[in-house]
Every structure is written in C-alpha cells, then in structure tokens.
There are 2 protein chains.
Amino acid sequence: MDRALSIGRLAERSGTNPPTIRYYEQIGLLKRPDRREGGHRTYGQTDLTRLTFIRRCREFGFPIEQVRSLVDLLENEDRSCTDARDLARDNLTLVQAKLEALRALETNLIQMVNDCEAVCVGGPGPNCVILEDLSEPSRSKCQGC
Amino acid sequence: MDRALSIGRLAERSGTNPPTIRYYEQIGLLKRPDRREGGHRTYGQTDLTRLTFIRRCREFGFPIEQVRSLVDLLENEDRSCTDARDLARDNLTLVQAKLEALRALETNLIQMVNDCEAVCVGGPGPNCVILEDLSEPSRSKCQGC
DNA sequence: GCTTGAACCTCAAGTGACTTGAAGTCCTAC
DNA sequence: GTAGGACTTCAAGTCACTTGAGGTTCAAGC
C-alpha cells in the first residue's frame, strides 16, 4: 500500500542501515532513487524487493561482486540459472572449508580451557597450559611430523 | 645455532610475511629489533618464539588486542592464568556461535543447489529456485513466524 | 504559523589486519 | 665489479561497511 518509503523505512523493512543503503547506491548495487523536493530519497516496492535480495545474498556470505552477478541474473532473462547454481556451489565449498577449520578450532579451545581448569587455574600466568599450547608451532600444516 | 635472522628468514620460520612482521612492529606487538649497519633488521631466537606465539594466537582467531593481553600474560609473572582461561573461553563462545551460523548456511546452500539441479538447471536465470530462495526475506530472526 | 527534534543530506575518515606498490638502498654470490 | 634478490620507508589499497562532522528538511504538537 505504502509506495513511497523513506530511507529509514526502507532500512527497517529490509533489515539494513541507512548508511549501508547509501553505500550500496554509491557502489552501483542499488540504482539511484527518486528524490523529494528537499533532496530526501524515496523508494518503492521494487527497491525493497531488490534490497531484500541483496541482504539475503550477503547473509549467505556472497561477496559483493557475486551479489552483483546474482542481481544481474535475477533481472536478465537471457542468462541461464546454471550460473546461479555455480555461484552457490562455489560458496558452499568455501563455507565447508571454513566449517572444518572452525571445528578444529573449537576442539582445540575446549581442550585448552579444560586442561587449564584441571591443571593450573589460578596459578601464575606464564605457567598456564593454554599459553604453553599457544607457544607451540602450528601443527595444522603437517599432521604427521 | 643461527642467532641472527633476517626478516625474510624470520618470516619463513614463523609462517608470516615480512610486511606482516613490520606491521606487528609498527603496532607495538613485536618490539623494535636490532639493526645491521645498513639498516636491515636482525632477529634472534626470542623473537622467533614470540612471533610464533602471536601467529598461533591469530590462527586461533584471537583479535590483535587479545593477543596483546596474551603476550603480556606470557611475559608477566604477576598475572594469573585465570585471565588466559577467560580469554580462551570468550573466544570459544564466539567460535561456537560462528559454527552454528555456518552450519545453517551450509544446509541452506546444499538445499539450494540440489533444488536447482532437480528443478530448473539450465533454464532462464530469473526463474531459478536459488534466486527465488534468495528473494525471500530472512527467516533466521524469527523461526516461529 | 512556529518550534522542536528526529530524520535526513553530503563528504571524509575510521575499522581490522593486513597487502600492495613505488622508489630507492643493501647484501651476497659469482 | 656487477647482477639481482632481499631489504628499506612511506603511502595507499583491500572489504564491507560504520562513524563523525556539520548542515538541511520534515512531521508533529502547540
């Protein structure tokens, strides 16, 4: 019903901040909106849809340049959705790599905290097992040696 | 044996880049090293140990300011290791939150890719189920509604 | 119609943790 | 002696915004 949205309302409804919207406009991800007499931006339903799409993409971890491709895909009848699948698949691979690293990190941190509580908690800083652990060179690169 | 390391060798042995080492020096995380006649930096075993510690902390996701605390902890007899445990615990909480978000992301992305392959792959971009999914407002904030 | 204060405007700089580039100097091996 | 690789400093770039300064416009209440 409400067609003309201020930047603040658009921000609210799309889950963004006004400065972020201006930033997206600046980098050409959102097109320049109409202005009121005083210079304030006004937006319509189409802008809300597009911005929501952009935010979703960002939540899904797509970097801005990929979001640009996806927006293009969404608005261009001539492009095949295979591109969208490929982008999603690349993104999935990245997410899975990050997951693996984070899981290893979690295991290590849990171990550190537990060891500290069992062995040295309350003792002098330099003797703490956590600091000892952190002083060892990384084992992540050569598991075998 | 080799006491005097150039910045390049130190970088190699610690798994860092020379500019990163200079950056750590600049922000006061590494102390200013001795110089040769010509101005080149030289490092010893202590520097290698400290830098290795810093890199490990960074690999574990500690932000620079926390690394600063941990270094202080490591070199200060008067501080208790409870502080180290608390920092590790805070970090663990953050890691676990990230893990949860990434797992949800992974599930969503897998779903998208699979759906696309089952339903629309090869079709025109704008009809792709992936783009439809991305156009829906986020459900992550209110699971129930 | 006037006032108040929230929301808006632009432009520039800041964030974190580095990386990259330019332009010049030093060191080592041949 | 010389070639070229490693080093030096300083500044600017990266990503995706966020924050701040300083000024203007809008909507609501009186």
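Per chain, numbering begins at 1; letters A, B, ... match sequence-line order.
- Taken residue by residue, residues 16-29 of chain B places heavy atoms nearer than 4.0 Å to DNA chain D at B:Arg22.
- Partners of A:Thr20 by side chain to side chain contact (heavy atoms under 4.5 Å, CB included), not counting sequence neighbours, listed by chain and number: A:Thr16, A:Asn17, A:Tyr24, A:Arg55.
- Here chain B contacts DNA chain D (any atom closer than 4.0 Å to a heavy atom, that is under 4.0 Å), and the contacts span D:dC7 to D:dT9 from 5' to 3'.
- Counting non-hydrogen atoms under 4.0 angstrom, A:Arg55 reaches the backbone sugars and phosphates but no base.
- B:Arg36 is linked by a salt bridge (Lys or Arg N to Asp or Glu O under 4.0 Å) to nothing, counting only residues two or more places apart in sequence or in another chain.
- The side chain to side chain donor-acceptor pair (under 3.5 Å) search around A:Glu65 returns A:Arg68, not counting sequence neighbours.
- Take the nearest nucleotide of DNA chain D for B:Gly39 and for A:Gly38: the residue whose nucleotide is more 5' is B:Gly39.
- Evaluation of the side chain to side chain contact (heavy atoms under 4.5 Å, CB included) rule for B:Thr93 yields no partner, not counting sequence neighbours.
- Counting only heavy atoms from C-beta outward, the side chains of B:Leu99 and A:Arg103 approach each other to under 4.5 Å.
- Residues B:Arg58 and B:Glu37 each lie close to DNA chain C; by heavy-atom proximity, the contact nearer the 5' end of the strand is made by B:Arg58.
- The residue among B:His40 and A:Glu65 whose nearest nucleotide of DNA chain D is located toward the 5' end is B:His40.
- When DNA chain C is scanned 5' to 3' for any atom under 4.0 Å from a heavy atom of chain B, the first and last hits are C:dA17 to C:dT28.
- Under the side chain to side chain contact (heavy atoms under 4.5 Å, CB included) criterion, B:Asp86 pairs with B:Thr82, B:Arg89, sequence neighbours left out.
- Sorted by first then second residue, the salt bridge (Lys or Arg N to Asp or Glu O under 4.0 Å) pairs that include residues 42-51 of chain A, not counting sequence neighbours, are A:Lys31-A:Asp47, A:Arg50-A:Glu75.
- Judged as a salt bridge (Lys or Arg N to Asp or Glu O under 4.0 Å), the pairs with a partner in residues 37-46 of chain A (not counting sequence neighbours) are, in order, A:Glu25-A:Arg41.
- To the nearest 0.5 Å, atoms CG (B:Leu29) and CD1 (B:Ile21) are separated by 11.5 Å.
- Note that the CD1 atom of A:Ile110 and the CD atom of B:Gln96 stand 5.5 Å from one another [nearest 0.5 Å].
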